[in-house]
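Proteins get letters first, then strands, A, B, ... in listed order; numbering begins at 1 in each. Here the structure is a predicted model, which means the values were calculated and not measured. Computed from heavy atoms alone, side chains included, the values below leave out hydrogens, waters and symmetry copies.
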Protein chains: 2
Amino acid sequence: MARPKTLTNRAELIIEAAEELFGRYGYERTSIEEIAKHLSIGKGSVYLDFRTKQEILFEILRRHATAIQDIFKERLNNISGSPLDALRKATEESVMTCYDRVSRDFHTPEALLHTSLEMKSHFKDFYVRKRELIIGFLNKAADAGEIKKEIANEETAKIIIMVTTTIFPPYLNCTEFNTPVTRELLQARASKLLLLLVNGLRHYKG
Amino acid sequence: MARPKTLTNRAELIIEAAEELFGRYGYERTSIEEIAKHLSIGKGSVYLDFRTKQEILFEILRRHATAIQDIFKERLNNISGSPLDALRKATEESVMTCYDRVSRDFHTPEALLHTSLEMKSHFKDFYVRKRELIIGFLNKAADAGEIKKEIANEETAKIIIMVTTTIFPPYLNCTEFNTPVTRELLQARASKLLLLLVNGLRHYKG
DNA sequence: TTATTGACCATTTGTAAAACTTAGTCAATA
DNA sequence: TATTGACTAAGTTTTACAAATGGTCAATAA
């Protein structure tokens, strides 16, 4: 008779425990043994679900990225009025979701900076999909006559991502110094920046 | 009888020597003694003109910043046609000048990243003046009827700086990976980004 | 028979002391 | 009085060692 599994959702529990401990003590200072102890399982069991410690971190980050992605996807599939407005609002919402998740998990600014730069290169796919979603919005905007058909392409999507880089972490802005980026400040900035992106200086109303 | 000065422009020569050596070996790996040796003067003489090593670095960086600032200033004072176009072209030019100076002096990407982040906080004034110059362009654009009078203010200038952050060093962009930022790539990006900034998605023609 | 475990190994990381480097000073010198 | 380079204090690298931890696997439990 085979030994029955004691936990059916162990991988899930490991993710949850890791997320809490990484958030509390940081990635480096949390050991696999701590995670196992937290769940009252053996250290070896963690390696039945994940091949490396980094794999756990990536899974956590992948979920954050996916959640933020889903905001875009959902908004793109439920456009009622102006597609351009929908893109603006979807970006605004994902900016704030990103902020909330990041400020919950990463406590020191350096950790955020390091992680962001380190990790970004591991999330190529994420950026490719984001670009495709933006192109989706642009196509709908072109159909609705809001923008020129010729600019509903990858190039424009890339520029949009560039323009909105500062409102995503790490928040490396130079307009204010020694001022921490509060939720309110970021929201105000993002809102204005996105309005400017849509209307341009020529038609921007503030 | 007092000993006569052997060098009248020693400070200037130190700056030049430091610029060359910092560029070749990096700031940390260049010692004050090396700089002195390079000019065949005593180590102590360097300290007659500069109180610290860092002061030399700051002076070099201050000159770069000023040169880039001057492009803006000159363009602002010689607007013939559209002020908005002038702002666009002034920014484009300063982006490229910045690139050229930075790629000449900093050889490794890490050095650039580190220096940029480290130094930015020491150049508050630079950003304040840049903001003022941008407000200058906005005021002229408002006078010319190109933009609404209400948006010719500091807030808008801040957003413009945010939007253009990615085309200034450190070039932390995520649209391409493993692709070094070449001069041509940056020029194309900056040009498109600035057109989009002026016209907005609604009126952007690519 | 198979899921689980924790002792075990190899590598990394932390630490403490010694050796070395260098920014900045200042009494001696030109 | 302008300049210097030996000197000092502070910091950095090196080295040697100890502790911690990521990952494996033979033994164990169901």
Write out a two-atom table: protein N or O, nucleotide N or O from nucleotides 23-28 of chain C, distance below 3.5 Å.
residue: dA23(C); atom: OP1; partner: K53(B); partner atom: NZ; Å: 3.1
residue: dA23(C); atom: OP2; partner: I32(B); partner atom: N; Å: 2.9
residue: dA23(C); atom: N7; partner: K43(B); partner atom: NZ; Å: 2.9
residue: dG24(C); atom: OP2; partner: Y47(B); partner atom: OH; Å: 3.3
residue: dG24(C); atom: OP2; partner: K53(B); partner atom: N; Å: 2.6
residue: dG24(C); atom: N7; partner: K43(B); partner atom: NZ; Å: 3.3
residue: dG24(C); atom: O6; partner: K43(B); partner atom: NZ; Å: 2.6

N/O (side chain, [X]) to phosphate O (OP1/OP2, [N]) under 4.0 Å:
{"X": "T6(B)", "N": "dT3(D)", "result": "yes"}
{"X": "S45(A)", "N": "dT5(C)", "result": "yes"}
{"X": "R10(A)", "N": "dT4(C)", "result": "yes"}

Anything under 30° is parallel, anything over 60° is perpendicular, the rest tilted; go ahead and classify Y99(B) against Y171(B). tilted

[X]: salt bridge (Lys or Arg N to Asp or Glu O under 4.0 Å) partners, not counting sequence neighbours:
{"X": "E132(B)", "answer": "none"}
{"X": "K43(B)", "answer": "none"}
{"X": "E59(A)", "answer": "R62(A), R63(A)"}

Send over the distance from [X] [atom1] to [N] [atom2], rounded to a whole Å.
{"X": "Y25(A)", "N": "dA20(D)", "atom1": "OH", "atom2": "C1'", "answer": "17 Å"}
{"X": "D49(A)", "N": "dT4(C)", "atom1": "CG", "atom2": "C1'", "answer": "12 Å"}
{"X": "L48(A)", "N": "dT5(C)", "atom1": "CG", "atom2": "P", "answer": "8 Å"}
{"X": "I56(B)", "N": "dT22(C)", "atom1": "CD1", "atom2": "C1'", "answer": "13 Å"}

Checking side-chain contact (heavy atoms from CB on, under 4.5 Å) between S94(B) and each of T164(B), I68(B), D70(B), which is the one that passes? I68(B)

Identify, residue by residue, the members of residues 34-41 of chain B with a heavy atom below 4.0 Å from DNA chain D, and return them in order of residue number, or none. I41(B)

So what does R29(A) touch, heavy atoms closer than 4.0 Å: a base, only the sugar-phosphate, or nothing?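 Counting heavy atoms under 4.0 Å across all strands, no contact is made by R29(A).
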
What residues form a ring pair (Phe, Tyr, Trp, His ring centres under 6.0 Å) with F126(B), not counting sequence neighbours?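 With neighbours one apart ignored, the set is empty.
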
With a 3.5 angstrom cut-off on both distances, give the Watson-Crick or G-U wobble partner of dA30(C), or none if there isn't one.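 With both distances under 3.5 Å, dA30(C) matches dT1(D).
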
Ionic contact status for [Y] with [X], cut-off 4.0 Å:
{"X": "K89(B)", "Y": "E93(B)", "value": "no"}
{"X": "E33(A)", "Y": "K37(A)", "value": "no"}
{"X": "K140(B)", "Y": "D143(B)", "value": "no"}

